[in-house]
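See below for the structure under consideration.
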Amino acid sequence: MANEIVKKLGMKSDIVFKAFFSREENRKCLEEFISSVLEKQIKVKNVVHDARLEQLAKEDKYGVLDLDVELEDGKKVNIEIQLKDNHNIEERTTYYSSKKITEQIGIGQEFEEINQVIIIAILDYSFIELPEYITRTVRVANEHKEYEINNVEKYIYIELEKFRKQNPDMKNKLNQWIAFIDRERGDLLEMAKKENKEIKEAEERYNVLTGDAELKRLAEVRLMSQLEGASAKKVAREEGRIEERFEIAKKMKNKNMPIEEIIELTGLTKEQIENLTVN
């Protein structure tokens with residue numbers, strides 16, 4: 001069962017994504033993925049590991065398992081996977097970026113020493129009302145669009161839903177990595193593996209990873225946490241509906257409506273209605 005959970009979650013699971021790209025043996029995969037996103041070759045200096053991974057797996061908060069990467073040139077890269085549209089991706093990525101900037105400012109440091117922060121948000125839904133599935137933001141002067149300014153932070157949004165609805169060029173390295181992460185279209189993944197031996201090796205490493213006992217345990221923890229959260233929300237909704245029926249019944253009883261009619265309209269029992277305190 002645990003292995004099936006991991007397989008079902010796939011690379012788009014925040015736990016699987018972080019487990020794959022944060023491992024030292026997969027450092028080359030991480031460098032190639034970021035390089036393809038930034039459209040230039042980079043080297044990773046450090047991947048931030050969170051010792052509280054199990055606790056984070058239990059928390060159903062937005063982006064708790066995002067991946068923090070420091071490049072050799074000092075730039076900070078934050079990568080996150082978002083499966084559901086919570087209608088706050090702009091605000092959340094802005095918050096993450098601001099946090100990564102302020103974390104760099106220590107006592108005696110100059111503002112000029114702040115390194116650029118790059119946010120890579122991989123979304124399993126459509127977010128931007130444009131046909132492209134990759135959007136890179138840049139700030140420019142209003143009257144001179146060619147002049148870039150205030151670009152200490154940049155945002156790159158990758159929309160998987162748009163990607164799989166198109167016929168992307170699978171000779172493109174970024175498309176190959178997107179197909180590997182998305183895994184929804186087997187034809188694109190197969191083309192990616194044929195075009196790029198690194199994707200083929202990444203697929204082999206992914207298959208090994210899904211058999212890892214610790215990962216399966218964390219995936220189970222995350223799934224159970226999500227199921228419990230969904231169950232709690234369902235109970236809360238049901239309790240809200242019941243409370244609403246009681247309030248309606250009170251109003252009807254205040255108007256001296258026949259008890260048989262109140263039962264019919266609210267679904268409450270005769271005893272429940274008789275026990276209601278009215279004004």
Side-chain angles (χ1 to χ4, degrees), residues 1-38 42-71 76-84 92-93 96 100 118-124 156 158 160 173-174 176-184 186 189 192-193 196-229:
M1 176 185 174
N3 193 52
E4 288 303 312
I5 291 173
V6 174
K7 286 286 189 181
K8 183 179 180 181
L9 292 175
M11 279 295 297
K12 288 185 289 188
S13 158
D14 48 10
I15 288 178
V16 178
F17 185 90
K18 185 165 187 174
F20 181 87
F21 281 114
S22 66
R23 294 194 173 189
E24 185 63 36
E25 61 266 30
N26 294 338
R27 177 65 57 88
K28 181 67 174 176
C29 295
L30 178 61
E31 289 180 338
E32 289 302 314
F33 170 63
I34 296 177
S35 294
S36 67
V37 174
L38 302 185
I42 60 91
K43 281 288 183 182
V44 170
K45 179 181 179 181
N46 183 43
V47 179
V48 178
H49 295 272
D50 199 315
R52 301 181 305 115
L53 189 58
E54 180 166 349
Q55 180 60 33
L56 293 175
K58 296 176 182 178
E59 298 176 4
D60 192 19
K61 295 180 181 178
Y62 307 136
V64 293
L65 289 182
D66 52 331
L67 188 65
D68 279 337
V69 182
E70 181 183 4
L71 305 185
K76 315 294 182 181
V77 179
N78 181 273
I79 311 171
E80 73 159 300
I81 293 276
Q82 185 65 32
L83 300 182
K84 295 181 180 179
R92 210 169 68 255
T93 50
Y96 289 154
K100 296 305 172 188
I118 301 168
I119 304 293
I120 301 174
I122 304 171
L123 313 175
D124 201 29
I156 301 168
I158 300 174
L160 300 180
K173 279 196 172 184
L174 179 52
Q176 294 163 1
W177 283 108
I178 294 175
F180 170 72
I181 293 168
D182 186 43
R183 314 187 70 79
E184 294 285 342
L189 181 55
K193 289 191 290 184
N196 190 340
K197 67 176 184 179
E198 290 162 356
I199 299 293
K200 185 178 180 181
E201 291 174 1
E203 181 70 6
E204 293 170 355
R205 292 177 181 272
Y206 166 77
N207 289 329
V208 171
L209 178 68
T210 56
D212 183 86
E214 177 65 8
L215 178 65
K216 287 188 285 188
R217 187 180 66 80
L218 289 172
E220 283 185 309
V221 168
R222 166 51 61 87
L223 182 61
M224 290 305 297
S225 176
Q226 291 173 337
L227 291 175
E228 289 169 2

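All residue numbers in this chain count up from 1 along the given sequence.
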_Here's one to test your reading of the geometry: is the NZ or CZ of Arg27 within 45 degrees of the ring axis of Phe21 and under 6.0 Å from its centre?_
no
_In the structure I gave you, are the side-chain heavy atoms of Ile79 and Ile34 within less than 4.5 Å of one another anywhere?_
yes
_Side chains of Ile119 and Ile156, heavy atoms from C-beta outward: is any pair under 4.5 Å?_
no
*asked:* Can a donor-acceptor pair be found, under 3.5 Å and without considering hydrogens, that links the side chain of Asn207 to the backbone of Glu203?
replied: yes
*Going from CG on Leu30 to OG on Ser22, what distance comes out if it is rounded to the nearest 0.5 angstrom?*
8.5 Å
*CG-CD distance between Asn196 and Glu201, expressed to the nearest 0.5 angstrom*: 9.0 Å
*asked:* Between Ile178 and Leu160, is there a side-chain heavy-atom distance shorter than 4.5 Å?
replied: yes
*So do the side chains of Leu38 and Ile118 get within less than 4.5 Å of each other, counting heavy atoms only?*
yes
*Is a salt bridge present between Asp68 and Lys76, judged by a nitrogen-to-oxygen distance below 4.0 Å?*
no
*Salt-bridged, Arg92 to Glu80, with N to O below 4.0 Å?*
yes
*Any sub-3.5 Å donor-acceptor pair from Glu31's side-chain atoms to Val44's backbone N or O?*
yes
*Closest approach of Ala121 and Thr93, non-hydrogen atoms and distance?*
CB-CG2, 4.2 Å
*Working to the nearest 0.5 Å, report the span between CG of Leu189 and CE of Met11.*
11.0 Å
_Value rounded to 0.5 Å, distance of CG in Asn46 from CG in Leu71_ = 10.5 Å
_On a heavy-atom basis, which atom in Trp177 and which in Ser36 lie closest, and how many Å separate them?_
CD1-OG, 3.8 Å
_One thing to verify: whether Lys173 and Glu32 come together as a salt bridge, which I'm taking to mean a side-chain N less than 4.0 angstrom from a carboxylate O._
yes
_Gap separating the NZ atom of Lys84 from the CG atom of Leu123, nearest 0.5 angstrom_ = 15.0 Å
*Taking the side chain as every heavy atom from C-beta outward, state whether Asn26 and Arg23 have any pair of such atoms under 4.5 Å apart.*
yes
*Say you draw a straight line from CG of Asn78 to CD1 of Ile120; how long is it, rounded to the nearest 0.5 Å?*
8.5 Å
*Answer with yes or no after comparing the ring centroid distance for Phe20 and Phe180 against a 6.0 Å cut-off, counting only values under it.*
yes
*Distance-minimising heavy-atom pair for Ile81 and Lys12*: CG2-O, 2.9 Å
_With a 4.5 Å cut-off on side-chain heavy atoms, are Asp124 and Asp182 touching?_
yes
*asked:* Is the shortest side-chain heavy-atom distance between Val48 and Leu67 below 4.5 Å?
replied: no
